[in-house]
Number of protein chains: 2
Amino acid sequence: MQKKTVKRRDAGASAPPSLQDERQANDGEGGASDQEIYERIITSIMEHRLPPGTKLGEDKLAKIFGVSRARVRQVLARLALERVVVLHPNRGAFVAEPTVEEAREVFEVRRPLEALVVRRIVAKKDPAIIARLRAHVEAEEAARAARDRRAIIRLSGEYHVLLAELSGSTLAARLMHELASLTCLIIFLYDAPTVPACRDQEHSEITQALADGDEATAIRLMTEHLEHVEACLDLSRGRPEELDLEAALAD
Amino acid sequence: MQKKTVKRRDAGASAPPSLQDERQANDGEGGASDQEIYERIITSIMEHRLPPGTKLGEDKLAKIFGVSRARVRQVLARLALERVVVLHPNRGAFVAEPTVEEAREVFEVRRPLEALVVRRIVAKKDPAIIARLRAHVEAEEAARAARDRRAIIRLSGEYHVLLAELSGSTLAARLMHELASLTCLIIFLYDAPTVPACRDQEHSEITQALADGDEATAIRLMTEHLEHVEACLDLSRGRPEELDLEAALAD
DNA sequence: TATCGATAAATTGTCGACAATAGCGATATT
DNA sequence: AATATCGCTATTGTCGACAATTTATCGATA
């Protein structure tokens, strides 16, 4: 057992704010750190490569990431606390399937939280913040131009996380990270087939209002943006499976 | 004592099966559940029996609760994710010491969140909810009459958690639970020696406004309540230790 | 005597092994 | 032939032991 694993785990309490999508070849051999495993899993979930309901077997993940099962277990526990996965006792971990109620609650909490973030950003009046926001919006537009739907959804959520991080409130950033992950799951579960594709435009407009220091407009645009996203969802019916099951039994 | 090179710890042959009997270690069963351990620790933290900065040794907690270290470790990890404890790598777990910035962020997020909860409660118009709130306020008054300052602080925070739970939003309840725990830590760290003792009164008034279905008044009272609590704190200076250290070094 | 270095002790991090439980398939029975 | 029961397998839950790192103590030396 002479693995030269010189893992530097610095500051477990500080979450790296920067979000990077590096698909490093740590599959099979070479250990991955907890943070890497966490980000790989949650990115896959946000991009819907792991659909809601997917079983996340501990042994399989351990093999995939080339680490021990205990490590995977820790990451799974963290994801469960963030409600991105659910843990069934003695059954294992599954990608969460938020109910309609939970979906509404997420948007309900996000509205005032996003307004708070916007107020903080406007109060800062920092050109560097605007620059980073513009760069992110450009990345979103690039993904949209490339028709990379998965990246579009993920980047769209990450815009709000970036906003919260740049606002300077670590608490708001943490909450937004969790809510954005859940929102990605919700969108994939309930989004109507017709993609509105209006979100990039709105992110750009919000960024512009922030650049102008127009707080009222920024908050209004943000609120409308969230309402648009929620309106594009089909929350009138239950989960697909539940609906199918009910319908099948009704016949 | 002729233990010169004793590396194995099982050499003593002291049977560990029933060491540290389970007098108050476990809450009734042969072993404490994760949830029980979690609640015991967080209640102690909220009541300031575990002051900020206290080291939470894994082995000690394992002995105290009569469970294995792995179990304690899980609970500690959960508390760390809730930011009630901080984990220093290779150093252990400590009760968190929120900074002034973090304290302000907590109140900043609580304000709109509490308003959201109040709106939900008013919309429900459920007499059972009012009854439970009144019962809780009575418990607060009883603790106040008994001069049980620790219980007062804990119950004061739990009033808001109860409010969020009764509002029907599991998400809001979860967030409020975390924010209330942090608020308890903040109050113990920064509360001025002069106890205002105005909180019970305000909880009662808020409950009355909710009973009347007066949303505007309830939100106003709640907002003012939070502002009062925050105003009673001494957030103008840093943490006591930091302040002392800085002052000492300045000379 | 004070500072620096080395050794010792205690605590945390990690892992593999064992036990328990749920799911599934085979089998036998009505 | 359909169903209920029993046993098997695969996966999760738990634990104790080992390794690594930090902290404390002690001794040597200038």
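Throughout, protein chains are lettered first and strands after them, A, B, ... in sequence-line order, and every chain is numbered starting at 1.
- End-to-end axis angle of the helix from C:dT1-D:dA30 to C:dT30-D:dA1, from C1' rotation axes over five pairs per end: 0° (rounded to 10 degrees).
- One can place CZ of A:Phe94 at 8 Å from P of D:dT12, the figure rounded to the nearest angstrom.
- Taking the side chain to side chain contact (heavy atoms under 4.5 Å, CB included) definition, one finds that A:Gln74 meets it with A:Asp34, sequence neighbours left out.
- Residues in residues 164-189 of chain A take part in these ring pair (Phe, Tyr, Trp, His ring centres under 6.0 Å) pairs, two or more places apart or across chains: A:His48-A:Phe188.
- Looking at the side chain of A:Arg69, the nearest of the listed nucleotides D:dT12, C:dG13, C:dC15 is D:dT12.
- In this structure, the CG atom of B:Asp34 is 11 Å from the C1' atom of D:dT14, given to the nearest Å.
- Taking atom NE2 of residue A:His88 and atom C1' of nucleotide C:dG23, one finds them 14 Å apart after rounding to whole Å.
- The existence of a salt bridge linking A:Glu230 and A:Arg110 is excluded, since no basic side-chain nitrogen approaches an acidic carboxylate oxygen closer than 4.0 Å.
- Legend: side-chain hydrogen bond (donor to acceptor under 3.5 Å, both in side chains) pairs involving residues 163-175 of chain B, not counting sequence neighbours, sorted by first then second residue: A:Glu105-B:Thr170, A:Glu178-B:Arg174.
- If you check the side chains of A:Glu158 and A:His136, you find no donor sitting under 3.5 Å from an acceptor.
- Closest approach to the B:Ser68 side chain among D:dC15, C:dT11, C:dG13 is made by D:dC15 (side chain taken as heavy atoms from C-beta onward).
- Of the candidates D:dC15, D:dT12, C:dT12, D:dC15 carries the atom nearest the B:Ala70 side chain, counting heavy atoms from C-beta on.
- For the OP1/OP2 pair of D:dC15 and a distance below 4.0 Å, the side-chain nitrogens and oxygens of B:Arg71 include at least one atom meeting the criterion.
- When rounded to the nearest whole Å, the span between CD of A:Glu58 and P of C:dA17 equals 17 Å.
- A salt bridge links B:Glu82 with B:Arg78: at least one charged nitrogen is closer than 4.0 Å to a carboxylate oxygen.
- If you measure from atom NZ of A:Lys55 to atom P of D:dT11, you get 7 Å, rounded to the nearest angstrom.
- With sequence neighbours left out, the side chain to side chain contact (heavy atoms under 4.5 Å, CB included) criterion links A:Val86 to A:His88, A:Phe94, A:Ala96.
- Under a 4.0 Å N-O distance rule, the pair A:Arg104/A:Glu108 does not qualify as a salt bridge.
- As rounded to whole Å, 15 Å separates atom C1' of D:dT14 from atom CZ of B:Arg73.
- Applying the 4.0 Å criterion to OP1 and OP2 of D:dT12, one finds that A:Lys60 has every side-chain N and O outside that range.
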Subject >> Steps toward side-chain contact (heavy atoms from CB on, under 4.5 Å) verdict (A:Ile41, A:Leu61) >> reply: CA-CA 9 Å; A:Ile41 292 179; A:Leu61 291 176; 4.3 Å; yes

Please tabulate the protein-to-nucleotide N/O contacts below 3.5 Å involving nucleotides 20-23 of chain D, giving atom names and distances.
residue, atom, partner, partner atom, Å
D:dT23, OP1, B:Arg91, NE, 3.1
D:dT23, OP1, B:Arg91, NH1, 3.4

